[in-house]
Enquirer: 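First the structure, then my questions, so here it is.
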Amino acid sequence: MPRPLPPQDERVTPSPDPRPEAQPSATPDDPSRRSLLKLATCGLAVAVGTAVAAPAALLLAHPLRKKTVTGGEEPIPVAALERLPEGVPVAAKVVAPVRRDAWQKQNDVALGAVWLVRHGERVECLSSVCPHAGCFIDYEEKEQRFLCPCHGSTFALDGKRTAGPAPRDMDTLATEVRAGKVLVRFQRFRQASPKKVAL
Amino acid sequence: MSRLSEWVEERTGLGAGLRRWLDVVYPGGARWAYAWGTALLLTLCVQALTGVLLASHYAPSTSTAWASVAYIEDQMSFGWFVRGMHSAGADALIVLQLLHLLQTTFFGAYKRPREVTWITGLLLLGLTLAFAHTGYQLPWDQKAYAATQVMTSLIGATPLVGPTLQRLLQGGDSFGNLTLTHLFAIHVLLLPALVALFVVAHLRLFRRHGPTPLEAKAKSTRPSTAWFPEQALRDLTLFALVLGAMAWRTVSLHGAPLSAPADPTAPFEARPEWYFLPLFQFLKLFPGSLEAAAALGAPAVVFGMLAALPFVDRDVVRSPRRRVRYLGAVVGLLGAAGAFGVAAVRSDVRSENVRKQRVRAEKESTRARKLALLGVPPAGGVAVYDNDPLMHARKLYADRCAGCHLLEGAGENKAPTLDGWSSRAWIASVLREPDADHNYGKTKIHKMKPVKGTDEQLAALTEYVYALGRNPDADAALAKTGETLFQEMDCDDCHEVDGETSGTAPNLGDRATVAWTRAFLADPGDPLYFGEKNDMPRFGEKLSADDLDALAKFLVSLRVPEAE
């Protein structure tokens with residue numbers, strides 16, 4: 001059973017849709033006090049907003065300030081020298097023995113694949129990551145060349161760019177031979193840049 | 001610029017919409033009593049922001065939940081602060097809502113036409129509690145595990161639908177990855193959507209009906225003002241104070257609590273957060289089958305009574321003085337809840353057991369979080385303890401030593417029991433009865449004669465041998481007496497003590513130091529130790545140098561029994 005609204009409630013309840021024009025203009029304050037009040041309110045809002053936003057920004061910036069993934073920077077054994085054929089590219093996986101990924105400690109993490117080309121006692125190592133957009137560069141045995149299947153960049157056996165959109169030659173990685181083992185220092189480089197910049 | 005704003009205004013009405021909010025009329029002027037709403041809304045915004053940040057770094061699964069939270073808390077820049085603020089924000093929301101509720105009750109603001117505003121407010125309080133509970137379940141630490149255990153057990157005990165509901169929530173018959181993905185989805189998708197819905201409803205209704213002044217003040221002739229800036233300044237000031245309190249709590253706790261990873265094998269004195277303590281204590285009154293009914297029934301009754309308030313107190317009168325009955329009922333209800341909460345705290349404060357458990361839990365947490373700094377193994381959770389060298393040594397012990405030596409009730413008894421190895425008690429026992437089964441009785445070594453003498457003499461001898469192991473807590477004076485006795489009782493006929501000379505029995509110099517233990521393990525048959533009488537394997541041939549070190553440290557650590 002609906003009852004009439006109590007009179008005092010009517011007095012304190014504005015119309016359902018108060019138009020701005022209908023705003024009470026009669027404040028006892030003089031304009032300068034009012035603008036000071038506005039300034040103080042806005043100032044407080046900015047201060048409070050900053051206090052909330054600053055730690056948030058600092059947390060988000062964590063990956064810019066600290067390394068979140070580490071391990072596998074050292075030379076990693078990838079193959080036995082004696083099993084590499086002379087002058088023919090052979091793919092090898094680079095597996096980091098220990099890796100820290102944010103909160104996790106992992107063992108035997110595959111970092112990527114490389115192409116190894118043996119020249120006598122020396123081994124050349126080419127990254128399989130295309131310097132253009134990062135696709136996996138494959139070796140075409142018939143053509144004796146490297147081909148990136150994504151955008152068709154091709155590279156000679158020594159990694160020199162021969163065609164396609166790749167901005168530079170294939171990236172070489174430092175190798176050494178120790179006790180018959182081929183070790184590779186695995187790195188990634190910035191894509192789509194004519195210069196080879198380590199990441 | 002003005003043309004751009006005109007363009008935007010014409011198409012969106014953004015400015016007019018904003019102005020409508022800024023210019024909400026406060027009849028009778030701005031009041032501190034109206035500040036709760038905005039403060040609550042802004043605190044909710046802080047929760048949303050910190051929540052998004054935490055969700056950006058949290059991984060819900062049994063193997064990653066604890067590890068990712070520990071990473072946020074202990075390794076990310078300002079991670080502890082953001083997580084601490086999110087946790088403090090939950091507390092603040094509940095405190096503010098309770099105060100808002102009390103103020104609304106006092107002012108009689110739930111009355112016609114604001115019944116629905118009141119009920120949406122109550123629903124928001126309920127949703128906040130659900131938010132808070134799922135929130136502290138997500139880290140999957142000991143506390144979360146216990147909270148989930150209790151919650152799902154109570155749900156499971158509900159008549160008819162209980163078991164099905166429990167399986168649905170858990171994502172199976174037991175806790176697992178699906179439990180955490182479910183809780184995560186509830187906490188970050190479902191509850192925010194519901195809260196947003198009811199906040200919008202609550203605000204629309206507030207806009208429709210306006211604020212409610214105290215009846216006595218409603219008659220005042222103070223001019224009305226707009227929300228901005230008069231009321232806005234009060235609202236923001238209250239929010240700034242709330243934010244300050246949250247920051248203070250966060251800094252003083254350095255983040256938010258995180259107990260050791262969930263471990264179903266370890267005891268844990270589970271206590272809910274303070275806002276659930278009244279229910280926790282209340283449930284102690286209900287045995288067995290009634291508990292589940294009470295767990296769901298009690299909150300339902302409390303919320304039901306509050307929701308019924310505007311329909312029972314139907315009089316137009318809002319003056320608190322003329323509504324003592326209803327005010328008394330609400331205050332009584334909250335007071336009773338408070339009393340139950342206080343009783344829960346008091347019974348815990350008095351309990352020696354709870355105190356011990358808390359110290360233990362604190363130690364476990366510190367240990368686990370320290371080990372997590374090294375990176376948590378992929379199995380996650382309790383696998384963090386594998387980082388502990390002593391844990392590694394324990395595994396070595398189980399593989400290599402437990403076949404002959406008893407420890408903590410496990411293993412075979414073919415050689416001395418190693419509980420408290422080389423502690424005073426252990427030494428004294430060997431001195432008194434070297435041929436007892438738990439000493440050298442089962443070995444080939446039967447040459448030593450039991451020490452005859454008074455208890456005082458035994459204590460002195462023990463102290464001397466103990467002091468030879470360079471124990472910093474050895475009593476020098478007593479050891480001196482022991483040294484004299486050592487010679488008088490002809491112990492030195494067989495035992496040298498310089499750590500260099502071999503005799504017919506082990507040289508006791510530096511005995512049971514880490515270096516001594518390591519050398520002993522490597523070759524117990526060295527003339528310096530058991531010589532020809534030895535029948536313990538030479539571990540120098542079987543273990544790596546690192547493993548020998550770890551095992552030696554572990555054995556030495558047995559001397560100091562873990563403080564309970």
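Every chain is numbered from 1 and lettered A, B, ... according to where its sequence line falls, protein lines coming before strand lines.
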Enquirer: Would the number of heavy atoms belonging to other residues, nucleotides or ligands and lying under 6.0 Å from CD of E82(A) be above 12?
Expert: no
Enquirer: Non-hydrogen atoms of chain A under 4.5 Å away: do they reach the side chain of L373(B), the backbone, both or neither?
Expert: backbone
Enquirer: Taking all atoms of both residues into account, what is the closest heavy-atom pair of T41(A) and A232(B), and its distance?
Expert: CG2-CB, 3.7 Å
Enquirer: Is W32(B) atom CH2 crowded by more than 12 heavy atoms from other residues, nucleotides or ligands, each under 6.0 Å away?
Expert: yes
Enquirer: What part of K66(A) lies closer than 4.5 angstrom to a heavy atom of chain B: side chain, backbone, both or neither?
Expert: side chain
Enquirer: Tell me, for T237(B) versus chain A, whether the close heavy atoms (under 4.5 Å) come from the side chain, the backbone, both or neither.
Expert: both
Enquirer: Just how far is it from atom CG of L374(B) to atom CZ of R100(A), taken to the nearest 0.5 Å?
Expert: 7.0 Å
Enquirer: How long is the straight-line distance from CD1 of I72(B) back to CG of L59(A), given to the nearest 0.5 Å?
Expert: 7.5 Å
Enquirer: Which pair of heavy atoms, one from V82(B) and one from P55(A), lies closest together, and at what distance?
Expert: CG2-O, 4.1 Å
Enquirer: Which heavy atom in P378(B) sits nearest to a heavy atom in K105(A), and how many Å separate them?
Expert: CD-O, 3.1 Å
Enquirer: Of the listed residues (D101(A), V52(A), N107(A), L58(A)), which shares the most heavy-atom pairs with chain B below a 4.5 Å separation?
Expert: L58(A)
Enquirer: As an exercise, state the distance from CG of L53(B) to NE2 of H62(A), rounded to the nearest 0.5 Å.
Expert: 13.0 Å
Enquirer: I'd like to know which of M76(B), H57(B), Q75(B) tops the heavy-atom pair count under 4.5 Å against chain A.
Expert: M76(B)
Enquirer: Might you confirm whether atom CD of E141(A) has over 12 heavy atoms from other residues, nucleotides or ligands at distances under 6.0 Å?
Expert: no
Enquirer: Quick check: are there more than 12 heavy atoms from other residues, nucleotides or ligands sitting under 6.0 Å from NZ of K196(A)?
Expert: yes
Enquirer: Output, in order, the C-alpha distance, side-chain angles, deciding distance and verdict of side-chain contact (heavy atoms from CB on, under 4.5 Å) for Y71(B) and T68(A).
Expert: CA-CA 11 Å; Y71(B) 182 72; T68(A) 54; 3.7 Å; yes
Enquirer: Side chain from CB out, backbone as N, CA, C, O: work out which of these in L42(B) comes under 4.5 Å of a heavy atom of chain A, or both, or neither.
Expert: neither
Enquirer: Where does A70(B) contact chain A at under 4.5 Å (heavy atoms): side chain, backbone, both or neither?
Expert: neither
Enquirer: So do the side chains of C42(A) and F228(B) get within less than 4.5 Å of each other, counting heavy atoms only?
Expert: yes
Enquirer: Counting only heavy atoms closer than 4.5 Å, note whether L243(B) contacts chain A via side chain, backbone, both or neither.
Expert: side chain
Enquirer: Tell me whether R222(B) at atom CZ has more than 12 heavy atoms from other residues, nucleotides or ligands lying less than 6.0 Å away.
Expert: yes
Enquirer: Mind checking the CD-CH2 spacing from E73(B) to W103(A)? Nearest 0.5 Å is all I need.
Expert: 15.0 Å
